[in-house]
Amino acid sequence: MAEVLVLIEHSEGSVKKVSLELLAMAAGIGEPSAVFVGPGADAALATLGDHGAKTVYVADGQAFLDHVVVPTVDVLVKLVSEKSPAAVLIPSSADGKEVAGRLAVAIDSGVITDAVAVSSDVVATQNVFGGATIVHSKVSKGTPVITVRTNSIAPVQSGGTANRVDVAVEVSAAASATKVVNRVSVQKSGRPDLSEAAIVVSGGRGVGSDEGFASVIEPLADSLGAAVGASRAATDAGWYPHQFQVGQTGKTVSPQLYVANGISGAIQHRAGMQTSKTVVVVNKDIDAPIFDLADFGVVGDLHSVVPDLTARVNARK
Amino acid sequence: MKICVCVKQVPDSWAEKKLTATDSTLDRAAADRVVNELDEYAVEEALRIVEAGEGEVTILSMGPDEAADSVRKAISMGAHAGIHISDPALHGSDALATSLVLAKALEGRGFDLIIFGSESTDARMSVVPAMVAARLGLPQMTFANKVEVSGSNLTIHRVTDYGYDEVQSSLPAVVSVVEKTNEPRYPSFKNIMAAKKAPMETLSLADIGLDAASVGLANAWSEVKDFAERPAKAKGTVITDEGNGAEKIEEFLVTQKFI
Ligand SMILES: Cc1cc2nc3c(=O)[nH]c(=O)nc-3n(C[C@H](O)[C@H](O)[C@H](O)COP(=O)(O)OP(=O)(O)OC[C@H]3O[C@@H](n4cnc5c(N)ncnc54)[C@H](O)[C@@H]3O)c2cc1C
Ligand SMILES: Nc1ncnc2c1ncn2[C@@H]1O[C@H](COP(=O)(O)O)[C@@H](O)[C@H]1O
């Protein structure tokens with residue numbers, strides 16, 4: 001059975017959920033092999049094996065800290081030429097898409113982005129135009145390079161163990177052309193990761209202030225164990241950090257439940273949340289387009305409805 | 001400083017987008033055509049850089065005949081010249097072909113900076129800038145929400161999941177910008193008039209030294225097998241809050257097993 005390479009997304013060895021989802025998807029196509037670049041492979045090995053990876057290719061070194069995107073591409077180019085995999089699956093993050101694009105150029109293969117499913121014969125399903133159209137497509141030249149959205153498939157624990165294979169990396173000229181001189185982190189919240197969360201509670205201009213996010217939106221999110229999201233109006237106003245923006249130019253989320261509070265539902269916002277399985281809306285304007293997406297909507301003031309809801313959810317615990 | 005900004009003509013974000021039944025390509029006639037919103041930030045960034053020093057901004061677009069309008073529109077923000085790659089053989093080109101055409105058109109022109117939007121609102125792939133950087137062998141300085149040029153050095157803030165990376169390279173380089181970088185200007189009357197007379201090169205595939213067999217729908221690296229409209233979502237329940245809004249949401253969340 002041909003190998004299927006899965007690029008693992010992780011933060012210092014703590015493997016992101018999307019990586020485990022991609023291993024489950026790879027198992028439907030061929031034999032899943034994880035590709036782990038950067039520091040922390042030791043901590044990840046057991047988890048990856050347990051989720052179906054038969055082999056974990058490990059490439060570590062300063063290159064992955066010093067340069068962006070290209071060192072990862074160099075590793076994948078090498079593995080594709082050595083292993084002739086049936087496909088390469090990559091998380092649909094900003095970095096992941098760029099890795100996929102450069103890999104496709106380097107190996108002269110087709111690339112498909114934002115797949116939500118990939119069949120055994122490597123046909124990818126995409127939801128395009130904000131989810132209004134379902135497209136099936138196939139790579140017709142070379143090794144299929146496919147980026148896959150988070151929450152597209154459930155991870156599967158197989159109880160297996162993975163075989164570690166170290167891959168040597170040379171730093172190419174293309175890789176060393178850029179140099180990371182500083183990494184700046186915004187504070188971590190302790191809430192679930194926005195792109196992976198099963199529930200997202202979002203706030204928009206209707207929230208009114210940063211104080212509103214702290215006293216109304218975050219408490220509801222915490223009562224539901226949810227991640228917090230925001231519209232661009234809210235991030236531009238400085239009420240919530242940009243990293244939490246949902247939409248065209250923010251994160252694309254596809255949670256089980258999306259709660260939109262004081263968000264009108266502009267096309268650019270919908271582009272990032274339209275494929276949420278269930279949508280609940282609180283907005284005081286009955287004509288707000290976001291109600292078109294609502295499974296359940298309340299026309300009302302979020303400043304009274306949301307705290308009441310938070311108290312009710314907490315009371316059930 | 002010579003800067004080239006790559007802009008794409010796309011259907012208006014607000015319009016309903018459709019695929020053509022016959023060949024599964026974007027139905028460009030179904031919606032108004034506009035400059036990809038994110039590319040306006042790229043044009044603005046280029047203009048700010050030359051205005052802070054000196055230089056010229058050229059707009060480059062690959063697309064059907066009508067895409068010339070978008071090149072003029074982008075020039076009217078204050079750019080100096082345009083290049084439009086148009087050829088019937090380009091219809092249905094995918095990202096690999098687009099990046100090949102753009103790279104070929106850019107080659108040998110001596111641009112110090114090539115600036116892109118971070119994503120086209122129709123394809124939404126976010127791959128073309130990285131692909132062009134790879135093809136030209138230039139530093140990839142993408143997803144920037146801050147761009148600083150000093151002499152022949154470039155520094156950007158690359159947005160990341162955790163915040164941002166400060167990344168440096170030398171020039172020439174390929175940059176893509178996100179919508180947090182700046183606020184695009186509206187074209188002034190003077191610049192709209194100037195754009196009408198701005199030099200514009202209209203080039204075919206042969207003009208940039210590419211063969212029709214390397215691009216277009218028939219030669220794409222990927223193919224659409226089929227597509228379908230997603231069944232419309234059943235209309236949900238919307239109630240007006242009369243002091244019971246939260247209670248009703250609570251009931252809904254219970255029936256859906258979220259709580
Ligand atoms: C290039 C580009 C990219 C963009 N990318 C994004 C993106 O990624 N994400 C994004 O979100 N937007 C994006 N936008 C912006 C988008 O067009 C909208 O401007 C934005 O989504 C509006 O945010 P909002 O819904 O919070 O604000 P508004 O549209 O102002 O809506 C606020 C809503 O809150 C309601 N409200 C007010 N007070 C209350 C209250 N007390 N209780 C209940 N409801 C209340 C109002 O009725 C209204 O419906 C982008 C725009 C451009 C041009
Ligand atoms: N046909 C095109 N002509 C010029 N620039 C393009 C074209 N297609 C894409 N681009 C550029 O590449 C960016 C990313 O596009 P995409 O990878 O399709 O999301 C856009 O914001 C444009 O700057």
Side-chain angles (χ1 to χ4, degrees), chain A residues 68-70 93-94 97-98 100-102 104-106 109-114 123 127 129 131-142 174 177-186 199 224 242-243 248-249 257 267-268 278 280 291 294-300 305 308-309 312-313 316, chain B residues 13-14 17 19 38 94-96 99 118-119 121 124-128 130-131 134-135 137-143 158-159 161-169 178-180 220-230 233 236-241 245-250 252 256 258-259:
Chain A
V68 293
V69 177
V70 188
S93 57
K97 285 178 165 192
E98 291 199 326
R102 290 191 73 117
V105 167
S109 292
V111 58
I112 293 171
T113 55
D114 288 312
V123 172
N127 294 327
F129 307 151
T133 305
I134 300 167
V135 176
H136 292 115
S137 39
K138 203 173 164 62
V139 164
S140 33
K141 286 188 205 167
T178 63
K179 173 115 179 85
V180 178
V181 293
N182 194 10
R183 280 179 206 279
V184 180
S185 292
V186 291
I199 303 181
L224 292 166
H242 289 152
Q243 280 66 29
Q248 170 102 54
T249 46
L257 172 64
I267 197 98
Q268 294 91 349
T278 305
V280 169
F291 279 117
D295 293 284
F296 196 84
V298 170
V299 182
V305 175
D308 185 6
L309 178 61
R312 286 170 179 278
V313 176
R316 300 183 73 90
Chain B
S13 308
W14 286 99
K17 291 183 265 284
L19 294 176
L38 281 158
D94 59 2
L96 278 124
S99 63
S118 55
E119 180 175 293
T121 54
R124 295 206 64 195
M125 289 185 79
S126 280
V127 295
V128 169
M131 286 176 153
R135 291 194 188 276
L138 294 179
Q140 177 191 317
M141 300 285 277
T142 44
F143 292 114
R158 174 183 170 87
V159 291
D161 260 357
Y162 46 81
Y164 65 88
D165 286 350
E166 194 178 329
V167 188
Q168 290 180 342
S169 80
V178 300
E179 102 289 1
K180 306 290 181 205
W221 280 257
S222 52
E223 60 183 306
V224 171
K225 289 178 63 78
D226 58 69
F227 68 90
E229 297 299 304
R230 198 163 129 122
K233 203 169 159 175
T237 309
V238 176
I239 60 152
T240 299
D241 180 36
E247 190 185 340
K248 293 289 178 196
I249 297 176
E250 181 190 9
F252 176 77
Q256 300 293 312
F258 286 113
I259 49 175

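FYI, side chains are in, hydrogens and waters are out, and symmetry mates aren't considered; it's all heavy atoms of this structure. A, B, ... follow the sequence lines: proteins, then strands. Residue 1 opens every chain.
When the side chain to side chain donor-acceptor pair (under 3.5 Å) test is applied to B:Arg158, the partners found at least two apart in sequence or on another chain are A:Asp95, A:Glu98, B:Thr142. Taking A:Lys179 as the reference, A:Asp66 meet the salt bridge (charged side-chain N to carboxylate O under 4.0 Å, His left out) condition, with sequence neighbours excluded.
Highest contact tally toward chain A, considering only B:Thr240, B:Ile249, B:Val128, B:Val224, is held by B:Ile249 [criterion: heavy-atom pairs under 4.5 Å]. Here A:Asp295 is the residue among A:Ile199, A:Asp295, A:Val135, A:Val313 with the most heavy-atom pairs under 4.5 Å with chain B. Contacts with chain A were tallied for B:Ser169, B:Gly137, B:Ala134, B:Gly245; B:Ala134 has the most, counting heavy-atom pairs under 4.5 Å. Here A:Gly101 is the residue among A:Ser93, A:Gly101, A:Gly300, A:Ala106 with the most heavy-atom pairs under 4.5 Å with chain B. Residue with the most contacts toward chain B among A:Gly297, A:Gly110, A:Ala177: A:Gly297 (heavy-atom pairs, distance under 4.5 Å). The most heavy-atom pairs under 4.5 Å with chain A, out of B:Val127, B:Asp161, B:Leu19, B:Asp165, come from B:Asp165. Of all the listed residues (B:Asp241, B:Ile259, B:Leu138, B:Thr237), the one sharing the greatest number of non-hydrogen pairs under 4.5 Å with chain A is B:Thr237. Each of A:Arg102, A:Gln243, A:Arg316 has some count of heavy-atom pairs under 4.5 Å with chain B, and the biggest count is that of A:Arg102. When B:Pro139, B:Ala95, B:Ala228, B:Ser99 are compared by the number of non-hydrogen pairs under 4.5 Å with chain A, B:Ala228 comes out ahead. Chain B forms the most heavy-atom pairs under 4.5 Å with one residue out of A:Val280, A:Thr113, A:Thr278, A:Asn182, and that residue is A:Asn182.
Proximity of A:Thr133 to B:Glu229: side-chain heavy atoms (C-beta onward) are separated by under 4.5 Å at one or more points. The shortest distance between side-chain heavy atoms of A:Val298 and B:Val238 does not fall below 4.5 Å. Between A:Thr249 and B:Glu119 the shortest side-chain heavy-atom distance does not fall below 4.5 Å. Residues B:Met131 and A:Val111 are in side-chain contact: their nearest non-hydrogen atoms beyond the backbone lie under 4.5 Å apart. Between B:Val159 and A:His242, every side-chain heavy-atom pair lies at or beyond the 4.5 Å cut-off.
Looking at A:Ala104, the atoms closer than 4.5 Å to chain B (heavy atoms on both sides) sit in the backbone and in the side chain alike. For B:Glu250, the parts lying under 4.5 angstrom from a heavy atom of chain A are both the backbone and the side chain. Proximity to chain A (any heavy atom under 4.5 Å) is shown, for B:Asp226, by both the backbone and the side chain. With a 4.5 angstrom heavy-atom cutoff, B:Lys180 touches chain A only via side-chain atoms. Looking at A:Val69, only its side chain comes within 4.5 Å of chain B, counting heavy atoms on both sides. At a 4.5 Å heavy-atom cutoff, the contact between A:Val184 and chain B is made by backbone and side-chain atoms alike. Only the side chain of B:Phe252 comes within contact range of chain A, judged by heavy atoms closer than 4.5 Å. Within the 4.5 angstrom heavy-atom criterion, no atom of B:Ser118 approaches chain A. Proximity to chain A (any heavy atom under 4.5 Å) is restricted, for B:Leu38, to the side chain, taken from C-beta onward. At a 4.5 Å heavy-atom cutoff, the contact between B:Ile239 and chain A is made by backbone and side-chain atoms alike. Contact annotation for B:Val178: neither backbone nor side-chain heavy atoms come within less than 4.5 Å of a heavy atom of chain A.
For the atom pair OH (B:Tyr164) and OG (A:Ser185), the distance works out to 10.0 Å, reported to the nearest 0.5 Å. For the atom pair A:Asn127 CG and B:Arg230 CZ, the distance stands at 5.0 Å (nearest 0.5 Å). Summarising the geometry, atom NZ belonging to B:Lys248 is positioned 7.0 Å from atom CZ belonging to A:Phe296; distances are rounded to the nearest 0.5 Å.
Under 3.5 Å, the side chains of A:Arg183 and B:Tyr162 contain a donor-acceptor pair of N or O atoms.
We find that A:Lys138 and B:Glu223 are not joined by a salt bridge, their nearest charged nitrogen and carboxylate oxygen being 4.0 Å or further apart.
In terms of heavy atoms, B:Lys225 sits closest to A:Val123 at CD-CG2, 3.7 Å. Residues A:Thr178 and B:Gln140 approach most closely at CG2-O, 3.4 Å, considering heavy atoms. Of all heavy-atom pairs spanning A:Ser140 and B:Ala220, the tightest one is OG-O, 3.3 Å. Considering all non-hydrogen atoms of both residues, A:Val305 and B:Ala246 come closest at O-CB, 3.5 Å.
Judged by distance alone, the side chain of A:Lys97 and the main-chain N or O of B:Arg124 form a donor-acceptor pair under 3.5 Å.
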